[in-house]
Each structure stands twice: as C-alpha cells, then as structure tokens.
Amino acid sequence: MSNQPLLFLIVGSNEPLYEAEIHRRGSTGTSDAVARQSYFVVHSSLDLVESAAWLTQNMYLKVVDKVNQQYVSTFLTAGNIKFVLLHGGRSEDSIKNFFYEVYELYVKLSMNPFYHVDTAITSKEFDRRVKTVARRYLA
C-alpha cells in the first residue's frame, strides 16, 4: 500500500458528479503534479470501465486498470453512474464494502426531491458521510 491519498469519483453520463481525495490519518496534502497524474489515470480508465461493463452482470467490476502501482476499481450502478476509486492496493472486500455503502448513500441522495439525477453533488453532508465510510474501510 502506498502513502498516496485515495481518489474517489462519481462519474455521470458526461462529467464527474462528485470528487473526493481521501488522505490517510496524519498525512498532508499532495503536490499538484501527483494530483494531476491521479486524475489523468482515473479519467483514462473510463473507457476500460465501459468495456468491462459488457463482460459481466455484476455491479462491482473490481480492478479495471493498473498504472505504476496505482489501481482503479469501479462500481457501476443500474443507472450507468460510475463509482471510481484510485488506490495503491487494498483488499477487495474492503473496497467492495466501501462501494456498497457509498451506493446506499447515493440512492438516498437520488431519492431527495431537490436533487436531480446526473447533476453535480454539492451536499456537504454527502461529502462528510463518504469520507467517513472511506476512513472506515480504506484507511
């Protein structure tokens, strides 16, 4: 496992809906170059996510890409919303549990009459809960 922060994105049909960098306890922020590389790896893996979606009926697609000891794991919802996690190698069970809990949070958010599906997620409460779930399973 690397000391690099985790990068989690929720990607809609055309653009990212939510982004979060999850830092390990006691770590500081990342350099701009590292952050840009992380986003590049995640966005370049989206085509692989589309390909992997046709090969299975599971929502959890596991690791779809690996670049320089960075792994991209993906969860695909029934509405074709992609949950993408860039990590330095974590257990499959903890990542799967993280995705299922975030999916539950996303379903609750999508049932909110003030949220329109496939639009940016700006809720501070959603952000706080996602980061809490990430610390529980991935830190």
Is Val84 reachable from Phe40 through a run of hydrophobic residues whose side-chain heavy atoms are each under 4.5 Å from the next?
no

Looking at every heavy atom in both His43 and Pro16, which two are closest together, and how far apart are they?
CE1-CG, 3.7 Å

To check you understand the geometry: which heavy-atom pair defines the closest contact between Leu55 and Ser51, and what is its length?
CG-O, 3.6 Å

ring-ring contact (aromatic ring centres under 6.0 Å, His included) test vs Phe75 passes for just one of Phe98, Tyr103, Tyr106, namely Tyr103

Before giving the answer on side chain to side chain contact (heavy atoms under 4.5 Å, CB included), spell out for Tyr115 and Ser123 the whole-Å C-alpha distance, their side-chain angles and the decisive distance to 0.1 Å.
CA-CA 10 Å; Tyr115 175 72; Ser123 168; over 6 Å; no

Specify the closest pair of heavy atoms between Ala20 and Asp127, including all atoms of both residues, with the distance to one decimal.
CB-OD1, 4.4 Å

From Met59 CE over to Thr74 OG1, what is the distance, rounded to the nearest 0.5 angstrom?
13.0 Å

Is there a side-chain contact between Leu76 and Tyr60 (heavy atoms, below 4.5 Å)?
no

Run the side chain to side chain contact (heavy atoms under 4.5 Å, CB included) check on Leu109 and Ile121 step by step: do they pass?
CA-CA 9 Å; Leu109 174 75; Ile121 299 170; 3.7 Å; yes

Are Ile10 and Ile81 close enough that some pair of their side-chain heavy atoms sits under 4.5 Å apart?
yes

Short side-chain donor-acceptor distance under 3.5 Å, Asp93 and Tyr137:
no

Parallel under 30°, tilted from 30 to 60°, perpendicular over 60°: which one fits the rings of Phe83 and Phe8?
perpendicular

If you round to the nearest 0.5 Å, how far is CD of Glu125 from CZ of Arg128?
4.0 Å

Taking the side chain as every heavy atom from C-beta outward, state whether Lys108 and Asn112 have any atom pair closer than 4.5 Å.
no

Once rounded to the nearest 0.5 Å, what's the spacing between atom OG of Ser73 and atom CG of Leu85?
6.0 Å

Hey, any chance Leu7 and Leu61 share a hydrophobic cluster, counting ILVMFWY side chains that come within less than 4.5 Å of each other, even indirectly?
yes

Given the options Arg90, Lys62, His87, Tyr71 meets side-chain contact (heavy atoms from CB on, under 4.5 Å) only with His87

Is any side-chain heavy atom of Leu17 closer than 4.5 Å to one of Val11?
no

Is Glu92 paired with Lys96 through a side-chain N to carboxylate O contact shorter than 4.0 Å?
no

Distance check, rounded to the nearest 0.5 Å: Leu86 atom CG versus Ser38 atom OG?
5.0 Å

So, applying side-chain contact (heavy atoms from CB on, under 4.5 Å) with Val133, which one of Ile22, Asn97, Leu138, Leu105 is it?
Leu105

Which distance, rounded to the nearest 0.5 Å, do you find between the NZ of Lys66 and the OG of Ser45?
15.0 Å

Just how far is it from atom CG of Leu9 to atom CD of Glu15, taken to the nearest 0.5 Å?
12.0 Å

Is it the case that the side chain of Ser91 and the backbone of Ser94 share a donor-acceptor pair, with hydrogens and angles ignored and the cut-off at 3.5 Å?
yes

Criterion side chain to side chain contact (heavy atoms under 4.5 Å, CB included) on Arg135 and Lys131, from CA distance to verdict
CA-CA 6 Å; Arg135 284 187 201 98; Lys131 289 180 179 176; 3.8 Å; yes

Tell me, do Val63 and Val72 make a side-chain contact under 4.5 Å, heavy atoms counted?
no

If you group Ile, Leu, Val, Met, Phe, Trp and Tyr by side-chain heavy-atom gaps below 4.5 Å, do Val64 and Leu46 land in one group?
yes

Would you check, one step at a time, whether the test side chain to side chain contact (heavy atoms under 4.5 Å, CB included) holds for Val102 with Arg129?
CA-CA 8 Å; Val102 171; Arg129 289 183 181 194; over 6 Å; no

